[in-house]
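Just so it is clear, the structure is predicted and the values come from calculations on it, not from any experiment. Residue numbering restarts at 1 for every chain, and letters A, B, ... go by the order of the sequence lines.
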Amino acid sequence: MTERITPGMSRFAEVDDQYAPHELEQRVFEYWDEVDAYEKTVEHRSDGDPLFFVDGPPYTSGSAHMGTTWNKTLKDVYLRFFRMQGYDVTDRPGYDMHGLPIETRVEEELGFENKKDIEEFGEENFIEACKEYAEEQLEGLQADFQDFGVWMDWSDPYKTVRPEYMEAAWWGFSKAAERGLVEKGHRSISQCPRCETAIANNEVEYEDVEDPSIYVKFDLEDREGSIVIWTTTPWTIPANTFVAVDEEGDYVGVRAEKEDEEELLYIAEAKHEEVLREGRYEDYEIVEELTGEELIGWSYEHPLAEEVPDHVDAAGTLEVYAGDYVDTHGDGTGLVHSAPGHGEEDFERGQELGFPIFCPVGGDGVYTEEAGKYEGQFVKDADDEIISDLDENGALLASGTVHHSYGHCWRCDTGIVQIVTDQWFITITDIKDELLENIEDSEWSPDWARDNRFRDFVEEAPDWNVSRQRYWGIPLPVWTPEDRDDDGAATAGSPERAGGRADEDMIVIGDREELAERVDQDVDPEEVDLHKDTVDELTITEDGTTYTRVPDVFDVWLDSSVASWGTLNYPEDDSRFDELWPADFILEAHDQTRGWFWSQLGMGSAALGEIPYEEVLMHGHALMPDGRAMSKSKDILIDPHEAIDRHGRDVMRMFLLSNNPQGEDMRFDWDGMQTMENHLRTLWNVFRFPLPYMRLDDFDPQETTLEDVDSDLELVDEWVLARLQSTKAEMTEHFEDRRQDKAVDALIDFVVEDVSRFYVQAVRERMWEEEDSASKEAAYATIYRVLRETVALLAPYAPFISEEIYGTLTGDAEHDTVHMCDWPAIEEYWQDEQLEEDVAFLRAIEEAGANARQQAGRKLRWPVPRVVVAADDERVAAAVERHTALLEDRLNAREIELVSADDRWEELQYSAEADMSELGPAFGDRAGQVMNALNEARIDEPSLEALEEAVSDVLEEGAEQRSAEDASGDEPRAALEESMVSFVTETPDDVAGTAFGLDGDDRGVAYVDASLTEDIESEGYAREVIRRVQEMRKDLDLDVEERIALDLEIEDDRVADLVSDREDLIREEVRADELRAVDDGHRKEWEVEGVAMEIAIEPLAAAEASD
RNA sequence: GGGCCGGUAGCUCAAUUAGGUUGAGCGCCACUCUGAUAAGGUGGAGGUUCUCGGUUCAAAUCCGAGCCGGCCCA
């Protein structure tokens, strides 16, 4: 067997100098394959508590975009987290593969124009072509998801086109039918005339278009004059049935003159000027003022009575009625042309009024015979002819065009027509109260998504039209008597609700077994495919009646609505349903409020009386860097593949996951990607740093645990371990709040700020020591524990780099994959809040000291004799007292002097900062003035008396005002209180001092005494020499252990003497075994603090070899 | 047109719960440091907190009216 370098095989193996994400990720993919990492991780949790996650199935047209990528990455991070917490997670992915979008894509590919082409091609062939297309798209999507490092059960996704899944939809629908929630309805729907099918309201996309805008006069019968209506759809005029007005609106009768003719017109008062201007009338006079109520009952003549001989003429039609959809201040005239055969509101009002439904338009948008003169024309094409006919009839008041938004088919972009047809509905409005109650059984993040958005939607949701007159979908499992009058005309004109209850004479089949049992033909339930072409011909004969299948297929939203049991292959497989259902967790974007969140609620409630999910995490959309929505069709997008090419999978995931997942949109940001890469590089470097030392010393983390070296731990070790505990606690809390972004921020902060910038800095010298020491072992054990737990915490986010680091750290001593690890538990033993706070103060002091040093012009390399820490309070003083040595070390100070809060430096001056929350209530409208005075004051001691003295002018002025206003004078004069101010030190010129603080509050000042002594100069110059020799070693690319000969020439005698005092130090630090003249070596001239030096080095191995 | 969410530094966001002198990271500029670091450190520039009005001693925060973006609905 050939030896391979893979994570998990060789502890502390050599790793890349640089973090190289692409190579690393390839290695990890291969490794996962090799050890069956995913399968082992699933198996590892098989005894855990079940956690039933249901994947909202992506639609299989097109490839993964940044939004899908974010969605799947979020799912991945939570599923990995749940697994690490011990849950046995159901993680079956799914794909939504039916529906009009795929049909239109396939039609495009095949060059089809309309349904006739499909019929000619053959339903069976077309369905097969759709299936192939969907499967192809699925492959691409799934390859992408796997490439993003998402771990789900890719071997067995649920597909909505599989018979067992389609059966799950049949089952759900049949349960709803059993509850009496299925009915056939005669309703106004949006129809795509190209696709020749109803489409759901949420499939209608609104686009700005130019349409006719006409004002039409309807001549009144039995009285003089006309009422005026406005419409942008002249093609609906043939179906006019009544005119609606606002009962309480104000209307006027106007005598208007044009070209010597006079007309009496009735219009809303608010609109009359505009309408008359449109009609180019020269003069007018208001002759009547009426309310809408007074117009009711007026009858008029149909304006196209001759052209459309079959027009509505039933009793009560062609009259004025009240309609609550009329607005006398909106568009139009305040009188609304109403055609129940078209508009939804018109339809509903027409039903109430018991009018016949006249719709002279077919499913293809072409006028039928009933349209008389216009028969055979596509409705939009007939607009011009209708307008000119109206004109000829003297009915046209004005004709123009208007830009407005008009509904279009979401897939083929054809303008929709509103017509009345027979459709099948799930009447969820009958169980609306139940739906609203069921919502309460689910927890949502963020909570407003449920309590505002979702509830609003559910409250207003209409019945669900589930039928589509198409091919690529789950066939309706409904059989009706073959001689049945399917166009539903019988119900038209009925004053009751259209369609009525579910037909007594309707058979709804619930599964394949039942299908095989009841149909007249031979059907093998194991083999039957269930698509339209296989079930269309099946008939059922019972009690002498033959039933044929309703030819429609389901709205594709119904497919995914049954995912909670479809995922479990229920009802075919009932082995897990009772244990798992309903889903514990679902996670989708906010557009699913009206989509999947809703359809599942409706279907779950209709079929099973319950909401099918218990917890929802609702995220936002991925936006472009400039905040625009991404759009594939407009080529406005960031391709996840490009993101991976530029930065790698882990980086992309880290970026995506560092965004708030609760309802807020995410702006993609290349800078943010780069920052994440920098963070991961930092982690890589932290990880890489101790490896050579551990290797050299044969450190064995199983032999030498943290517990073994407990007594040798130094302060920084204990501190970083305490920080680790806090980080774990913080992350766990954020994860449980479904804010993985805050969790990863905490982790990054820990790695970058605490481990890399502080801990590693602090332990470098300990690891650099050549001989074994207890301290070094303690540092090894500490950083090992820190890294080992860090990669577990990071694993759900960045599974690749975590895997490689884990493998390199643990060898074969632990799990095969980091993803089998438990979520790191908080260990109370290592918690130490006081120490964390102490170090926070020390770091603040260090930062201030660095600032002060820079002010004093003294580099960190040069020691300073003394740093004075003036602590504002006991807490700070205690921290400094406890850790003086560490502070000396970090500040490179010979001595730390603590000035406690009770004492102070006489040289110092003070000023005061006001606390406005105290000052405001006490001084009222003068608080700002007092604040300014306080800020400007300079005093010698930080006492309230001194301060009051300094700002006395302002205080007294206020007191005078107050007593002048308040004659009773018993209110006490506002005075300064301790709580209103905090004192701030002012630095003397000769000492550099900088304030330090925590969380924005000043807590003291660090003063750096930068005076020089010979001893300090000696060390300073020596360290300057060391630094330059190190640089020269680096020039030669010498190994860290390599010995050299050093040649040092310094012109200034005084400096030369100072440096030679530290000869031992220099030799040790630069690994110089010999101090002598070097002839051939690497030679360089330097200037150090104005002193010229010449340094030469020569590797000893090379020197020996050349001898 | 309606509902929900958002608008704070060049960018990403925090501070809005409960009103009290607007902050961080990234980016930029200058200086500095460098034998784990494509790093690190110090300083700096950068703000009409979308606009207008109101409440208040005091508003990014509360209220009202708009504007812009996103989602959903019509």
Side-chain angles (χ1 to χ4, degrees), chain A residues 17-19 201-202 204 206 327 330-331 344-345 405 407 446 448-449 451-457 459-461 589-595 598 618 620-621 623 625-629 655 658-660 662-672 674-679 681-682 684-693 741-742 745 748-749 752 756-757 760-761 764 767-768 846-848 850-855 859-861 913-929 931-932 935 994 999-1000 1026-1027 1029-1034 1037-1040 1069-1071:
Chain A
D17 282 354
Q18 300 288 329
Y19 169 51
N201 287 335
N202 60 6
V204 176
Y206 289 82
D327 175 9
D331 291 336
E344 197 171 337
E345 288 168 323
S405 69
W448 55 258
D451 294 330
N452 300 334
R453 237 166 178 253
F454 195 49
R455 186 181 305 280
D456 289 351
F457 179 75
E459 276 171 358
E460 286 172 26
H590 48 36
D591 55 339
Q592 299 302 334
T593 312
R594 272 72 177 168
W598 158 247
M618 185 190 89
H621 276 184
L623 305 181
D626 61 6
R628 285 177 301 167
F655 172 78
S658 67
N659 279 278
N660 185 343
Q662 297 199 4
E664 302 216 16
D665 291 338
M666 178 240 341
R667 280 203 202 192
F668 192 82
D669 177 30
W670 288 110
D671 272 350
Q674 183 59 56
T675 302
M676 277 304 164
E677 186 178 330
N678 293 345
H679 291 330
R681 181 178 302 109
T682 299
W684 184 260
N685 290 328
V686 167
F687 150 69
R688 197 168 70 89
F689 150 73
L691 292 183
Y693 307 110
D741 57 322
K742 289 188 173 182
D745 282 351
I748 290 169
D749 204 51
V752 174
S756 174
R757 290 187 191 163
V760 168
Q761 286 294 333
R764 279 163 75 168
M767 296 212 183
W768 182 242
E846 180 188 341
E847 194 182 312
N851 183 323
R853 264 179 171 279
Q854 193 145 338
Q855 283 181 43
K859 301 169 185 176
L860 187 60
R861 200 181 299 129
E913 274 192 11
D915 181 346
M916 285 310 283
S917 64
E918 298 286 345
L919 220 54
F923 288 93
D925 58 358
R926 297 178 10 80
Q929 204 183 339
M931 177 190 78
N932 287 335
N935 286 351
T994 299
D999 302 325
I1026 290 164
R1027 219 256 322 144
V1029 176
Q1030 302 289 38
E1031 190 170 322
M1032 291 173 70
R1033 286 181 60 111
K1034 203 175 182 181
D1037 219 10
L1038 296 186
D1039 192 86
V1040 286
E1069 289 290 324
V1070 305
R1071 304 281 199 261

For [N], what is the paired nucleotide under Watson-Crick or G-U wobble rules, both distances under 3.5 Å?
N     : result
B/U17 : none
B/C11 : B/G25
B/U49 : none
B/U61 : none
B/C71 : B/G3
B/A30 : B/U42

**Asked** What class does the angle between the rings of A/F457 and A/W598 fall in, given that below 30° is parallel, 30 to 60° is tilted and above 60° is perpendicular?
**Response**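 Ring orientation of A/F457 relative to A/W598: perpendicular.
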**Asked** Angle class for the A/F655/A/F668 ring planes (parallel below 30°, perpendicular above 60°, tilted otherwise)?
**Response**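 The arrangement is perpendicular - the two ring planes meet at more than 60°.
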**Message:** Checking contacts here: which listed nucleotide (B/A38, B/C73, B/C26) is nearest the side-chain heavy atoms of A/R681?
**Reply:**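 Of the options given, the side chain of A/R681 lies nearest B/A38.
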**Prompt:** Given B/G35, B/U12, B/G27, which nucleotide is nearest the side-chain atoms of A/D669?
**Reply:**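 Of B/G35, B/U12, B/G27, B/U12 is nearest to the side chain of A/D669.
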For atom [atom1], what is the distance between [N] and [M], given to the nearest Å?
N     : M     : atom1 : result
B/C71 : B/C29 : C1'   : 40 Å
B/C67 : B/A60 : P     : 23 Å
B/U55 : B/C63 : P     : 15 Å
B/G25 : B/C68 : C1'   : 26 Å
B/A9  : B/C50 : C1'   : 15 Å
B/G7  : B/A74 : P     : 28 Å
B/C26 : B/G41 : P     : 8 Å
B/C13 : B/G6  : P     : 13 Å

Atom [atom1] of [X] to atom [atom2] of [N]: distance rounded to whole Å?
X      : N     : atom1 : atom2 : result
A/Q674 : B/C28 : CD    : P     : 10 Å
A/R667 : B/G69 : CZ    : P     : 12 Å
A/R688 : B/A39 : CZ    : P     : 14 Å
A/D456 : B/A74 : CG    : C1'   : 14 Å
A/D745 : B/C26 : CG    : C1'   : 12 Å
A/Q18  : B/U37 : CD    : C1'   : 8 Å
A/R453 : B/C71 : CZ    : P     : 10 Å
A/N678 : B/G27 : CG    : P     : 7 Å

**Request:** Write down the atom of A/H621, the atom of A/A589, and the distance for their closest heavy-atom approach.
**Result:**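 Here A/H621 and A/A589 meet closest at CD2-CB, 3.8 Å.
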Can you list everything that forms a side chain to side chain contact (heavy atoms under 4.5 Å, CB included) with [X]? Sequence neighbours excluded, please.
X      : value
A/S756 : A/T682, A/V686
A/E345 : A/Y325
A/D451 : A/D447, A/R455
A/Q674 : A/H647, A/E677, A/N678

**Item:** Donor-acceptor under 3.5 Å (A/D749 side chain, A/D745 main chain)
**Value:**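 Judged by distance alone, no pair lies under 3.5 Å.
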**Check: A/R667 side chain, A/L623 main-chain N or O, donor-acceptor pair, under 3.5 Å** =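 Looks like no, no N/O pair under 3.5 Å.
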**Those residues that, when tested against A/N452, pass side-chain hydrogen bond (donor to acceptor under 3.5 Å, both in side chains) (two or more places apart)** =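 Testing A/N452 for side-chain hydrogen bond (donor to acceptor under 3.5 Å, both in side chains), a comparison that skips the adjacent residues, returns none.
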**Asked** If each of A/G663 and A/E345 is mapped to the nucleotide of RNA chain B with the nearest heavy atom, which maps nearer the 5' terminus, i.e. the 5' end?
**Response**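 Result: A/G663.
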**Request:** For A/N452 and for A/G672, locate the closest nucleotide of RNA chain B by heavy-atom distance; then report the residue assigned to the nucleotide nearer the 5' terminus.
**Result:**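 Its nearest nucleotide being more 5', the pick is A/N452.
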**Message:** For B/U32 and A/K859 - does any side-chain N or O of the residue sit under 4.0 Å from the phosphate oxygens OP1/OP2?
**Reply:**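 For A/K859, the contact criterion (side-chain N or O under 4.0 Å from OP1 or OP2 of B/U32) is not met.
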**Prompt:** Under 4.0 Å: is that the gap between some side-chain N or O of A/R1033 and OP1 or OP2 of B/G35?
**Reply:**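 No, outside the criterion.
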Would you tabulate the nitrogen or oxygen pairs shorter than 3.5 Å linking the protein to nucleotides 40-42 of chain B?
| from | atom 1 | to | atom 2 | distance (Å) |
| --- | --- | --- | --- | --- |
| B/G40 | OP1 | A/R757 | NH2 | 2.9 |
| B/U42 | O4' | A/Q854 | OE1 | 3.3 |
| B/U42 | O3' | A/N851 | ND2 | 3.2 |
| B/U42 | O2 | A/Q854 | NE2 | 3.4 |

Any base atoms under 4.0 Å from [X], or only sugar-phosphate, or nothing? Heavy atoms, all strands.
X      : result
A/V686 : base
A/W448 : sugar-phosphate
A/T593 : nothing
A/S658 : nothing
A/R853 : nothing

